[in-house]
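Before any comments, here is the structure.
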Amino acid sequence: MEKADWKQRWGGLFFVAPFLLLFVVFMLWPVISGFWNSFFNTSLAGVKHEFLGLQNWRDLFGDPAVWSSLKNTLVFTAMSTPPLVIVALVMALLANRKGLLGWLLRFSYFAPFVLPATVVTLIWVWIYQPGFGLVNGLLTAGGFAEIDWLNTDNRAMLAVVITTVWWTVGFNFLLYLAALQGIPEQVYEAARIDGANGLQQLFRITLPLLSRTTGLIAVLQLVASLKIFDQIYLMTNGGPNYATRPIIQYIYESGFTSYRIGYASAISYLFFAIIVIVAVAQFKLFSGRGESA
Amino acid sequence: MTALLESTSVSPTTRPARSGPVKPRWTFAGTATTVGAVILAIVWLVPLLWALDTSLKPEPETTRAPITWFPQSPTIGAYRSVIDQGDLIRWFLNSTIVSILVTALTLVVSVLAAYGFSRTTFPGRRVLFGIIIAGILVPPQVLIVPLFQEMTRLGLVDTYFGIVLPQVVAPVMVFVLKKFFDGISRDYEDAARVDGASRWRIVWSVMVPMSRPILVAVGIFTFIGAWNNFLWPFIVTTDPSMMTIPVGLANVQGSYGLRYAQIMASAVLGGLPLLIVYALFQRNVVRGVGDAGIKG
């Protein structure tokens, strides 16, 4: 009887236990120990050498590399988010059709998303090559001057943004497509009976009904763009002259190249705080709009 | 013959008029959208075709200006040398093992946890769920340094478990699956319970079959994510024989020098398996995303 009671009360915990164990060991603990690290001068093996108090945090605010890499991250986010939302919406509107053509369109738009970052960057570094790359080949064929995309300060970030839009827009496209397919056909029928043409249906029905989805996609995309690292590291290694180095690359370099673990941890937490602020602010904004709609 | 008859009987001309959407007549706007859609699709495919195209050229032709669209004398020589000289097959194997392990473990632990949070009660359940959901906000990149220290101490650097286990912790999967389970009527479970099924039994014989489309979608996204993950495997592997495809390819880029046909051949080989998996499961991916209620 007592045993049954215990099972009744705590039995559910067993279902949660495997996930919980992994969560504690590989997420909660690193989150806490990383924060703890940020007050020490620590080695990569985890040996704490000396307690520094707030020294790492003070260094961080006086380190121009932190602010320039943060600025690069924000510039990338500002440049990449609008096209990643708008192109995705256009694609979803175009591909929301049945039959073989619909299948082919959906395949083409989403295909790059399934590729690893390395494959994507190998292809695009090749495409941006001066002399025999595809982009410059087309430019010279059209009578324009060549551009050394990846080695010119103000072009390198644009090149990374173009590559990123091509690579990742498929995910947002899929979210929009799912939302579009969730709009009941009767709504359009009613509009047609009232004499609404295609454009009116698009602007009066489809886009307003997608506004919640747009809010959600914008939040997800902002947070995803702030996490930029892989494609920049592989395409430009943060160059030229650190013009594209994002904050995560600086965290990586501080920790794994300069072995300043405590310092890397402090920057990690600055970055974490920014992500949380952006996500919470966006969520507030977007859920508020959702309620009024 | 019967098939033929059936197919004619449902042809548009003989099908009785339904109340569904009317097939639109030819319109200029409709044609323009179709043309635009196809052009956009071609633009999106060109980089992939260009990579394939380059990989089939003999090396000298790849750096010739002006560029040639089609290989003058196509060859698979680049593929042969990439496979002969490198660890590509080994990385393929590693990526496959890692991705399957990540996907299987993620599905098992997330389904169990989602069931636990959706259908059982225990003290502290809500607080615990809140903490786990807060984990969605933690960028994995913030964890690389402390995780690496932990792996060093656990002796898991350069092991499959070192690569796999941190990737299994996916609070967003628990959240999505719990939401889906919440929507499944309790009647099915009650019926199973009357038949004497245990709760474990109910998970596998009631909840899992009823959520198959979303599990397939979650599984595919997990698999793609695991196959493509770069930063963590890059940090936790130092031995080339333990690297996954993305990490290995990043390393090998330098060693090919400027042999672009070989670089593109390795890119094609690294990307092809996922394109095939996606082509096969496309329908499930689109439907699963809709089911997940991510559409808001």
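Every chain is numbered from 1 and lettered A, B, ... according to where its sequence line falls, protein lines coming before strand lines.
Within a 6.0 Å radius of CZ in B/Phe175, other residues, nucleotides and ligands contribute 12 heavy atoms or fewer.
The candidate with the highest count of non-hydrogen atom pairs below 4.5 Å against chain B, out of A/Leu177, A/Leu174, A/Leu210, is A/Leu174. In terms of non-hydrogen atom pairs under 4.5 Å with chain B, the most contact-rich of A/Trp29, A/Phe14, A/Tyr269, A/Trp103 is A/Trp103. Between chain B and the options A/Val280, A/Leu20, A/Leu21, the largest number of non-hydrogen pairs under 4.5 Å is found for A/Leu20. The most heavy-atom pairs under 4.5 Å with chain B, out of A/Pro112, A/Pro18, A/Pro116, come from A/Pro116. For the options A/Phe19, A/Phe272, A/Phe271, heavy-atom pairs under 4.5 Å to chain B are most numerous at A/Phe19. If you tally non-hydrogen atom pairs under 4.5 Å between each of B/Phe117, B/Phe234, B/Trp227, B/Phe129 and chain A, the highest count goes to B/Phe234.
Residues B/Leu249 and A/Val119 are in side-chain contact: their nearest non-hydrogen atoms beyond the backbone lie under 4.5 Å apart. Contact check for B/Pro166 versus A/Met27: no side-chain heavy atoms found under the 4.5 Å cut-off. When side chains are defined from C-beta on, A/Trp10 counts as touching B/Pro123, because their heavy atoms get closer than 4.5 Å. Side chains of B/Arg125 and A/Val16 form no contact here, defined as non-hydrogen atoms less than 4.5 Å apart. Taking 4.5 Å as the limit, every side-chain heavy atom of A/Tyr252 sits out of range of all side-chain heavy atoms of B/Gln141. Contact of the B/Leu275 side chain with the A/Leu115 side chain is registered, since non-hydrogen atoms from C-beta on lie closer than 4.5 Å. Annotation: side chain of B/Val38 is in contact with side chain of A/Leu101 (closest heavy-atom distance under 4.5 Å). A 4.5 Å side-chain heavy-atom check between B/Val43 and A/Trp166 finds every atom pair outside the cut-off.
For chain A, no part of B/Phe223 is nearby; none of its heavy atoms comes within less than 4.5 Å. If you measure heavy-atom distances from B/Phe221 to chain A, the contacts under 4.5 Å come from the side chain alone. Neither the backbone nor the side chain of B/Val268 comes within less than 4.5 Å of any heavy atom of chain A. Residue B/Ile235 touches chain A through its side chain alone, counting heavy-atom pairs closer than 4.5 Å. Only the side chain of B/Val203 comes within less than 4.5 Å of a heavy atom in chain A; its backbone stays farther off. Interface residue B/Pro140: only side-chain heavy atoms are found under 4.5 Å from chain A. Contacts between B/Ser95 and chain A at a heavy-atom distance below 4.5 Å are absent for every atom of the residue. Heavy atoms of B/Ile42 lying under 4.5 Å from chain A are absent altogether. Neither the backbone nor the side chain of B/Val277 comes within contact range of chain A; no heavy atom of the residue lies under 4.5 Å from a heavy atom of that chain. For B/Ala170, the part lying under 4.5 angstrom from a heavy atom of chain A is the backbone only. Interface residue A/Phe113: backbone and side-chain heavy atoms are both found under 4.5 Å from chain B.
B/Leu48 and A/Ala111 make their closest contact through CD1-CB, 4.4 Å (heavy atoms, listed as atom of the first residue, atom of the second, distance). For the residue pair A/Ile123 and B/Ala267, the shortest heavy atom distance occurs at CG1-CB, 4.3 Å. When every heavy atom of B/Val109 is checked against every heavy atom of A/Leu22, the shortest pair comes out as CG1-CD1, 4.3 Å.
In this pair, B/Phe148 and A/Phe256 present their aromatic rings perpendicular. The plane angle is above 60°, beyond the 30 to 60° band. Using the six-membered ring where Trp is involved, B/Trp50 and A/Trp126 have ring planes that are parallel, under 30° apart on the 30 and 60° scheme. Between A/Phe107 and B/Tyr278, the angle of the ring planes stays under 30°, which puts this pair in the parallel group of the 30/60° scheme.
Residue pairs that meet the salt bridge (charged side-chain N to carboxylate O under 4.0 Å, His left out) test with at least one member in residues 113-142 of chain A, sequence neighbours left out, do not exist here. Within the structure, the salt bridge (charged side-chain N to carboxylate O under 4.0 Å, His left out) test picks out the following pairs touching residues 34-54 of chain B (sequence neighbours left out): B/Asp53-B/Lys57.
Checking side-chain atoms of B/Asn228 against main-chain N and O of A/Val114 turns up a donor-acceptor pair under 3.5 Å.
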Given the rule in the ring pair (Phe, Tyr, Trp, His ring centres under 6.0 Å) test, do B/Trp44 and A/Tyr109 qualify, once you have shown the distances and angles that lead to the verdict? CA-CA 6 Å; B/Trp44 241 248; A/Tyr109 297 160; 7.1 Å; no
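Each of B/Trp204, B/Trp200, B/Phe181 was evaluated against A/Phe15; a single residue qualifies, B/Trp200, per the ring pair (Phe, Tyr, Trp, His ring centres under 6.0 Å) test. In summary, of the residues considered (B/Val142, B/Val138, B/Ile144, B/Leu143), a side chain to side chain contact (heavy atoms under 4.5 Å, CB included) with A/Pro30 occurs for B/Leu143 alone.
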